[in-house]
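Hydrogens, waters and symmetry mates are skipped; everything else that's a heavy atom, side chains included, is used. Just so you know, residue 1 is the first one in the sequence shown, and it goes up from there.
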Amino acid sequence: MIQTMYKQFEQLFDVQADVAAFAPGRINLIGEHTDYNGGYVFPAAIELGTYGLVSKRSDDIVQLYSNNFEDKGLISFSLDELEFNHAHDWANYPKGIIKYLKEKYPNITNGFNILVEGNIPNGASLSSSASIELLTGWLLRQLFNLELSRLELIKIGQQVENEFMGVNSGIMDQFIIGMGKAEHAIMLDTATLNYDFVPAKFGDYVISIMNTNKRRNLTESKYNERRAECESALAALKQEINIEALGELSTDQFKVHQHLINNDVELRRARHAITENERTKEAFKALEQSDFATFGKLLNASHASLKNDYEVTGKELDTLAETAQQVEGVLGARMTGAGFAGCAIALVHKDSIKQLETEVSKKYQDEIGYLPSFYHVGISEGVKELTI
């Protein structure tokens, strides 16, 4: 892909690219909606991702072009025009990165040309937004020789989501895309940012990604509402216990104090955050011990909690996950990502992949009216420069 893009870059900007880079997408094995609740997450970077090329200009103009949004054409603005612009659509993600990097590094005085192309399906909940954020940051890091650590870039990526795009997300997506390691998942404590790499090896089983093919726009979803409900539940619990995040509580501790939350919806949101955090820690131990059966059961329990307590699944994701759970050779399945649409994952025996796809496709077609898509991809390393 990158060689074809390199030729296109010359045609588009009449100059050769200076730097090329790749930023992966991600799946989250388990630990959903725990990252902004001070809990654990268990993501892995995947081989699907976003490729990019950049060249420095002599003026202060930034030109962005995406092969995924050809209808938007070439989007241009100056380094003095770095505010959110609804008309700039996808380009607001790289624009946010440019804005915060420029504030931090005053030596970014030249404009630049960027061409990007991703093979992450749009709206699939595999984190295409964080992928393009960190890709942009890495391109500029190399282009301007910035002394920018991976962790600093990760935090700037989250800042773009929270402050520039207005999505109160946690740090998981940017963290795994910045820190990913080939054939490994990361067990991340979002409260401390301490993490452990765990070999993502499932023996005779593989992770199948199942796409609803229903696009979800995160900023228009109920993501921020869920976070606010968790914050309200936390405030109620803090009347009697000294905690800073729901992730600090065990399930047993929560049962003792849950009477403090007098709103049933907020009670269920908190219960999910706390039980999901415990499931994530149990899944980490299960994978370390190659106990894939237990790992699969935890995936099933996670989906049930996301459906019943957090209410972020919906008919499409429920059909995928719950149908997959009934397929012979599948140990477990759950939605992955923020929810409402996007993807689910299944832990399936390598000999049962075709059966999974056949049975799930038939049920999904009957229930939803169109077909899902399936991906089987390897676990990738994090954002990196590519040789042109």
Report task. Using side-chain contact (heavy atoms from CB on, under 4.5 Å) as the criterion, list what pairs up with A21, not counting sequence neighbours. Result ->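 L135, W138, L139.
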Sequence neighbours excluded and cut-off under 3.5 Å, please list the side-chain donor-acceptor pairs for residues 377-388, or say none.
| from | atom 1 | to | atom 2 | distance (Å) |
| --- | --- | --- | --- | --- |
| E381 | OE2 | K384 | NZ | 3.2 |
| E385 | OE1 | Q142 | NE2 | 2.7 |

Query raised in the report: What's the verdict on side chain to side chain donor-acceptor pair (under 3.5 Å) for D60 and S78, showing C-alpha distance, side-chain angles and the deciding distance?
Result: CA-CA 6 Å; D60 68 348; S78 77; 4.5 Å; no
Quick one: closest heavy-atom pair of [X] and [Y], and the distance?
X: I61; Y: S76; value: CG2-CB, 4.5 Å
X: L347; Y: Y205; value: CD1-CB, 3.7 Å
X: L143; Y: K56; value: O-NZ, 3.7 Å
X: P43; Y: N28; value: N-OD1, 3.3 Å
X: A346; Y: V330; value: CB-CG1, 4.4 Å

Report task. Quick one: do F13 and Y65 satisfy ring-ring contact (aromatic ring centres under 6.0 Å, His included)? Show the steps, please. Result -> CA-CA 10 Å; F13 300 114; Y65 190 89; 7.7 Å; no
Report task. Report the C-alpha separation of T280 and N277 in whole Å, then their side-chain angles, then the decisive distance to 0.1 Å, and conclude whether the side chain to side chain donor-acceptor pair (under 3.5 Å) test is met. Result -> CA-CA 5 Å; T280 306; N277 195 40; 5.3 Å; no
Query raised in the report: Using 4.0 Å as the upper bound for N to carboxylate O, is an ion pair formed by E359 and K363?
Result: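 So K363 does not pair with E359 through a salt bridge.
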**Report entry** Salt bridge flag under 4.0 Å for residues K307 and E311
**Finding:**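 No, this pair does not count.
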Could you tell me if [Y] and [X] have a donor-acceptor pair between their side chains, going purely by distance under 3.5 Å?
X: T313; Y: H303; answer: no
X: S127; Y: D173; answer: yes
X: S302; Y: R279; answer: no
X: T192; Y: N194; answer: yes
X: N263; Y: E229; answer: no

N/O donor-acceptor pairs under 3.5 Å from side chains in residues 105-116, not counting sequence neighbours:
| from | atom 1 | to | atom 2 | distance (Å) |
| --- | --- | --- | --- | --- |
| Y105 | OH | E147 | O | 3.0 |
| N110 | ND2 | R57 | O | 2.8 |
| N113 | OD1 | R57 | NH1 | 3.0 |
| N113 | OD1 | Q63 | NE2 | 3.1 |
| N113 | ND2 | S55 | OG | 3.0 |

Requested in this report: Establish, yes or no, whether the cationic atom of K95 lies under 6.0 Å from the six-membered ring centre of F77 and within 45° of the ring axis.
Outcome: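 Yes, K95 and F77 form such a contact.
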Query raised in the report: Pick from E133, R26, K155, Q158: which one makes a side chain to side chain donor-acceptor pair (under 3.5 Å) with Q174?
Result: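 Only one of E133, R26, K155, Q158 forms a side chain to side chain donor-acceptor pair (under 3.5 Å) with Q174, namely E133.
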Report task. Check whether the ring centres of Y40 and F284 lie less than 6.0 Å apart, and answer yes or no. Result ->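 No, the ring centres sit 6.0 Å or more apart.
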Query raised in the report: Do E328 and Q355 pass the side chain to side chain donor-acceptor pair (under 3.5 Å) test, and can you show the C-alpha distance, the side-chain angles, and the key distance before you say yes or no?
Result: CA-CA 8 Å; E328 186 177 350; Q355 185 177 354; 4.6 Å; no
For the residue pair [X] and [Y], categorise the inter-ring angle as parallel (less than 30°), tilted (30 to 60°) or perpendicular (more than 60°).
X: H33; Y: Y310; value: tilted
X: Y364; Y: Y370; value: perpendicular
X: Y195; Y: F175; value: perpendicular

Requested in this report: Carefully, step by step, assess E161 and N168 under the rule side chain to side chain donor-acceptor pair (under 3.5 Å).
Outcome: CA-CA 7 Å; E161 294 283 353; N168 290 322; over 6 Å; no
Query raised in the report: After noting the C-alpha distance and the side-chain angles of H257 and F254, does the key distance pass the ring-ring contact (aromatic ring centres under 6.0 Å, His included) rule?
Result: CA-CA 5 Å; H257 298 285; F254 176 66; 9.2 Å; no
Report task. Show your working on side chain to side chain contact (heavy atoms under 4.5 Å, CB included) between F84 and M165 and close with a plain yes or no. Result -> CA-CA 8 Å; F84 180 92; M165 302 303 297; 3.8 Å; yes
Report task. Before giving the answer on side chain to side chain contact (heavy atoms under 4.5 Å, CB included), spell out for Q16 and F9 the whole-Å C-alpha distance, their side-chain angles and the decisive distance to 0.1 Å. Result -> CA-CA 7 Å; Q16 290 189 342; F9 191 95; over 6 Å; no
